[in-house]
Structure formats: structure tokens, C-alpha cells
Amino acid sequence: MKFTKLHTDPNSSARTGLLETDHGLIHTPIFMPVGTVGSVKGVYHRDLCEDINAEIILGNTYHLYLRPGLDILRKAGGLHKFEHWDRPILTDSGGFQVFSLTQIRKITEEGCTFQSHIDGSRHKFTPENNVDTQRIIGADIMMAFDECCPGDADHSYAEKSLKLTQGWLERYAKRFAETEPLYGYDQTFFPIIQGCVYPDLRVQAAEHALQFADAGIAIGGLAVGEPTEKMYEMIELLNPVIPQDKARYLMGVGTPANILEGIARGVDMFDCVMPTRNGRNGMLFTWNGIMNMRNAKWKDDFSELDPSGTSFVDHYYTKAYLHHLFVAGEMYAAMLASEHNLAFYLDVVRQARLHIEQGDFASWKDAAVKKITSRL
RNA sequence: GGGUAGGUACCAGAGUGGCCAAAUGGGGCAGACUGUAAAUCUGCUGGUUUUCACCUUCGGUGGUUCGAAUCCAUCCUUACCCA
């Protein structure tokens, strides 16, 4: 896998690039829709390709390992074939579940013991079996197995956590080097920089992780409880530390504004459940601001859903109609909102790329952020 | 005409002397959501007030009582059954 930097913005650290995979090209900056258990919730793959134009989607190792399980994934010939998705896939390792399923897991130096959130059965992830599992899933980009450290952790915990992550990374890289892709196309892996909100830990984490970076590297453990400003500080801090020829993936982020600010600070790749989850819960992101479609104000607004939207749903349906679908609890509401939001997110990164190429990204970004964070 | 069971907040429906502005659902109105245990969760939902508190409210009217949604009388009314 290869990452090439293409353009740089003169007034910020924003850049465009190209990530070449065996399943196709990824133009960065990019947003990657999250498809945890083998589907981007509520959205047809057809629409993901043609309407939204997602260039890559995510899967999740923890969730897919529990269900459908490795036997089925192996028999299916990997996740691409199983879910019939021909474009690139990135899988998270389950490191986020180490963070979010804190009540039902135990961390040791060897790995992490989980209780399944589905049936309570006990399982263990180690860096080694995590590589094996992601080989079976067959992601184009595999994520290292880490501990996603909470944003409010103190320095001592963060340091201990980082040590663990670093030890796991070394073992992960070793196992990765010893194993081969199973399905005839290339796989790469991204190491993950942890270190919470502590500059000394972050820099140290980056320097360590960079030894294992091939095409790209990830910044993890952000947007997990720390103030947004701290998140921006950490990205700024890492920007000069990470070589320009590595794709930088800011994991789990975020709001459209977070993404633009991340791009301005040199980030190339983003993923987040926000467009789909918040969409299912009635929130629409647009260039003109945020709409809560359950609000009564939309009930007799028969204007098109989003005049500036790029999805067909934006011009095919009205605000009043979507409001009605949400109030009525119709699943179609969740589908339409997810489709709109993902199309918007992909439009955000597309516009960002255009403005970086034109060289006016920084000023455009400031104006855009102001607008998209307002409430309609 | 006779009998029985009812009439409680936007709706349904608990409550049957003080802890009742009144459970619980639904509906309504807002809010939250960041590598998805989320088509989920939270708050508010008689009036004034930031809270305390006070005022008005449980079909109508009139009583009993220190005190009534709750007991009594009467009227209105709904459903079902019998004729």
C-alpha cells in the first residue's frame, strides 16, 4: 500500500494525498463511514458507492469476531466478499471496545479479556490473535491493538496505558510480519499513537509508533472525554513529528467542524459514528447548520430537505416529510438521515480537497466552520 | 322503565380520607450522542416563582370533616345487560 502527498495548503498544514490499495484509490482528506458489524447502518452499499461515494468503510474486529465469528468470515472468503463491498475496508482492532466496554473487560500485559456483550461468554484478545483475526476479516488497513486511554486519565495512568499499548504494538508488528494476507490482496496496518492529553507522552508515543508505520499512522485516544481544544493541541503537536509521507488517521473524529480543524492540522483520514448514529436520532448536518428533524418547527416546512446537499434525498424529499417520518418512528427516517449525513460528510472532505488544491483552504475553512456549527 | 359498572391532567389509566399537582404508559416539547452494547438515552409536560412556596384542578352542585380525587346527597353523563 502506498500513500502519496499531492498538494499542500499555503496557510495551514492541510494537504491532499492519495492512498493506493488493491481495492482502489482513496483521496485524502477522506471520511470513512463506520460499518461496525458488516453494514453501514441503514444505508445501501449501492448508495454508499453511487450517491455518497464512500471510498472506504470501516469494520470492527471485536464485533465481527463475536458475530458472525471467524469460521463464517473465513468461509465467506473475508469481509469484502461477505458483505459484497469491493472498495477498501479498514478494521478497528477492538481497542475502542477496551475503552467503551470497560465494565466487562480486564486488561493484562498479555492482552485483554472480554465478556461478550451479547451472551457474556469470555474471550481474550492478544496482539497476536488480533492480527490473525484481522487477517481472516481481510481488511485492507488493519489497526494495531491498543488501549484507548480515557480523556480524563491522569499522567500516571496514561503513561502505564501507553507502555501497554507500545508493548502490544511491538508484538502486533512482529506477528504481522510473520503472517500473510489470506485472500490474495495486500494488507497493511497502522500503528496507533496514544498518550492521552500529555505532550511528553504523545511525542514519545509517536516516535515509538513511527518505527512500525508503513503507509500510515493513527492518532487514537482523542475525542474520548477531553476538551476539544486539547484534542486540537495534540494534533498540532504531532503534526511536525509525523513525516509528511505518512497518512495520518485521526480515529473516531468527529463533528464536521472537528474534521475541518483536523484537516487544517495535517490529518488525512477520519471516521466517526456521528453521521449515522446522530442521523438515526434525528440530527442532520448541513452547510447551513444543524437541524434536529424532530423539532416541531419543521412540521410544515415543505422546502427540500437540504438545498445545498449532494445526496438525491436532499432534493427528493421535504423537511416536513422527514420530520413526519421521525415523529412516526419510521425506519425510513433513519435511512434518509444517514444517507444525507454521510453524503454531507463526504462532501465536506471533497470541498476541503478542492480548496487545498486551490490554495484557499484556511480562509474557506474558517467561514465554513462558523456556518456548519450553527443551529437551524 | 330496571340493573350493573364508570366519569381523574392532551389521551389511556392508577389512586378510594392527610405523605396528591395526583403513579404508569402513550402523545407533545426540548436536549444529548465523536475508532457504534445506541432506530438509543435524558429532561420537561396545570398556573405564578430560580428554589421554597402559594393558587387552581380529579363530571356539576350541595354537604360531612381540622382536612375530600377519595365519604354522603342530588343532578348530569357514558358503556354494557335485562325488559
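Side-chain atoms are counted along with the backbone in the values below, which use heavy atoms only and exclude waters and symmetry mates.
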- request: For rG63(B) and rA68(B), measure between their C1' atoms and round to the nearest Å.
  value: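 Each nucleotide's C1' atom is 12 Å from the other's.
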
query: When rounded to the nearest Å, what value does the distance between C1' atoms of rG2(B) and rA21(B) take?
result: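 Looking at atom C1' only, rG2(B) and rA21(B) are 41 Å apart.
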
Sidechain N-carboxylate O distance under 4.0 Å for E261(A), K365(A):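 Looking at K365(A) together with E261(A), the answer is yes, because their closest N to O distance falls below 4.0 Å.
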
- request: Report the relative orientation of the aromatic rings in Y332(A) and Y317(A); use parallel for angles under 30°, tilted for 30 to 60°, perpendicular for over 60°.
  value: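 Aromatic pair Y332(A)/Y317(A) classed perpendicular.
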
- request: Over 60° means perpendicular and under 30° means parallel, so classify the ring planes of F114(A) and Y62(A), tilted if in between.
  value: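 It falls in the tilted class, 30° to 60°.
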
- request: Within residues 88-101 of chain A, find the residues that approach RNA chain B with a heavy atom at under 4.0 Å, and present them sorted by residue number.
  value: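 By residue number: D92(A), F96(A), Q97(A), S100(A), L101(A).
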
message: I want to verify a distance call: between rU34(B), rG31(B), rU36(B), whose nearest atom is closest to the T36(A) side chain?
response: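 So the nucleotide nearest the side chain must be rU36(B).
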
query: Among rU34(B), rA37(B), rG31(B), which is the nearest nucleotide to the side chain of I104(A)?
result: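 Side chain of I104(A) sits closest to rA37(B).
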
Interatomic distance where [atom1] belongs to [X] and [atom2] belongs to [N] [whole Å]:
X       : N       : atom1 : atom2 : result
R294(A) : rG27(B) : CZ    : P     : 12 Å
D271(A) : rU36(B) : CG    : P     : 7 Å
H63(A)  : rA38(B) : NE2   : P     : 6 Å

- request: State whether N295(A) places a side-chain N or O below 4.0 Å from either non-bridging phosphate oxygen (OP1 or OP2) of rG31(B).
  value: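 Yes, within the criterion.
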
field: Short side-chain N/O contact to rU40(B) OP1/OP2 from R280(A), under 4.0 Å
entry: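 So the side-chain polar atoms of R280(A) never come under 4.0 Å of the phosphate oxygens OP1 or OP2 of rU40(B).
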
field: Sugar-phosphate, base or nothing in reach of V327(A), heavy atoms under 4.0 Å
entry: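 Sugar-phosphate only.
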
query: Which part of the nucleic acid, if any, lies within contact of D146(A), taking any heavy atom under 4.0 Å across all strands shown: a base, the sugar-phosphate backbone alone, or nothing?
result: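 Base: the residue D146(A), judged by heavy atoms under 4.0 Å, touches a nucleobase.
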
field: Heavy-atom side-chain proximity of L284(A) to I290(A) below 4.5 angstrom
entry: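 The answer is no; the side chains never approach within 4.5 Å.
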
message: Could you check rA39(B) for me: syn (within 90° of 0) or anti?
response: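 Anti for rA39(B); the angle lies over 90° from 0.
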
message: Can you confirm if the NZ or CZ of R74(A) lies within 45° of the ring axis of F82(A) and under 6.0 Å from the centre of its six-membered ring?
response: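 No, a cation-pi geometry is absent between R74(A) and F82(A).
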
- prompt: Using purine N1 to pyrimidine N3 plus N6-O4 or O6-N4 for Watson-Crick, or N1-O2 and O6-N3 for G-U wobble, each under 3.5 Å, what pairs with rA5(B)?
  reply: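 Result: rU78(B).
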
